[in-house]
Amino acid sequence: MSEPVPADRPRVWTTPAGVRLCAETDLADPGARSFVLQIGDKWFHGFVVRKGGAVAGWVDRCPHAGLPLAVELDRYLTADGALILCGWHGAAFEPISGACVAGPCAGGRLTPWPVEVHDGMIRTA
């Protein structure tokens, strides 16, 4: 198990375009994967979801409490893959639109992280 991330670790909320993340086929459909990128002396935490052939990226931060959504590494989706689930307070989000459909932040949405698929690779956009 990895060491916990210090609470005072400096964060950044955007990334430069063109950073290769993984092959599209590295993600199950439906599936999700976490990414932590070092940008200068700061860190970006995000995740990518693939569902129904579509790919979306999200900043790993619940709009309700500001915590990362996954309690376990890469465990963002419900067991059936239908929704993104905040493991802390149960907020549920549409995987591709990021809209909160249930829980304490219903009506809100996740913060987008622009990603794209180009030549079979998922990259930041």
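Throughout, numbering of the chain's residues begins at 1 and tracks the sequence.
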Closest heavy-atom pair and its distance - Leu73, Ser34
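Smallest heavy-atom distance, with atoms named: CD1-CB, 4.1 Å.
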Could you pull out the closest heavy-atom pair between Ala32 and Val49, with the gap in Å?
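Reported closest heavy-atom pair: CB-CG2, 4.1 Å.
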Going by heavy atoms in the side chains, are Asp41 and Pro10 under 4.5 Å from each other?
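The answer is no, as the side chains (C-beta and beyond) never meet within the 4.5 Å cut-off.
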With the side chain counted from C-beta on, respond yes when Arg11 and Lys42 share a heavy-atom pair under 4.5 Å apart, and no when they do not.
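Arg11 vs Lys42: side chains apart.
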For Arg109, salt bridge (Lys or Arg N to Asp or Glu O under 4.0 Å) partners two or more places apart:
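For Arg109, no residue satisfies salt bridge (Lys or Arg N to Asp or Glu O under 4.0 Å) once neighbours in sequence are set aside.
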I'd like to know if the side chain of Thr124 reaches the main chain of Val19, judged simply by a donor and an acceptor atom lying under 3.5 Å from each other, with no hydrogens or angles considered.
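Between the backbone of Val19 and the side chain of Thr124 there is a qualifying donor-acceptor contact (under 3.5 Å).
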Applying a strict under-4.5 Å side-chain criterion to I, L, V, M, F, W and Y, I'd like to know whether [X] and [Y] cluster together.
| X | Y | value |
| --- | --- | --- |
| Val117 | Phe47 | no |
| Trp43 | Val12 | no |
| Phe44 | Leu21 | yes |

Kindly state each residue pair satisfying salt bridge (charged side-chain N to carboxylate O under 4.0 Å, His left out) with at least one member in [range], sequence neighbours excluded.
| range | answer |
| --- | --- |
| residues 97-106 | none |
| residues 71-80 | Glu72-Arg75 |
| residues 49-59 | Glu24-Arg50 |
| residues 26-36 | none |

Identify, with sequence neighbours excluded, every residue that meets side-chain hydrogen bond (donor to acceptor under 3.5 Å, both in side chains) alongside [X].
| X | result |
| --- | --- |
| Thr15 | Trp113 |
| Asp119 | none |
| Thr25 | none |

Identify all side-chain donor-acceptor contacts of residues 56-63 below 3.5 Å with residues at least two apart in sequence or on another chain.
| unit_1 | atom_1 | unit_2 | atom_2 | d |
| --- | --- | --- | --- | --- |
| Trp58 | NE1 | Pro95 | O | 3.0 |
| Asp60 | OD1 | Leu69 | N | 2.8 |
| Asp60 | OD2 | Tyr76 | OH | 2.6 |

What pairs of residues pass the ring pair (Phe, Tyr, Trp, His ring centres under 6.0 Å) test when at least one of them lies in residues 92-111, not counting sequence neighbours?
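Pairs touching residues 92-111 that pass the test: none.
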Ring pair (Phe, Tyr, Trp, His ring centres under 6.0 Å): pairs with one or both residues in residues 12-35, sequence neighbours excluded:
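Qualifying pairs: none.
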Could you measure the distance from the [atom1] atom of [X] to the [atom2] atom of [Y]? Nearest 0.5 Å is fine.
| X | Y | atom1 | atom2 | answer |
| --- | --- | --- | --- | --- |
| Leu77 | Ile84 | CG | CD1 | 6.5 Å |
| Leu83 | Thr78 | CG | OG1 | 5.0 Å |
| Leu27 | Cys22 | CG | SG | 4.5 Å |
| Ser97 | Leu110 | OG | CG | 8.5 Å |

By ring-ring contact (aromatic ring centres under 6.0 Å, His included), which residues pair with His89, not counting sequence neighbours?
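So His89 forms a ring-ring contact (aromatic ring centres under 6.0 Å, His included) with His64.
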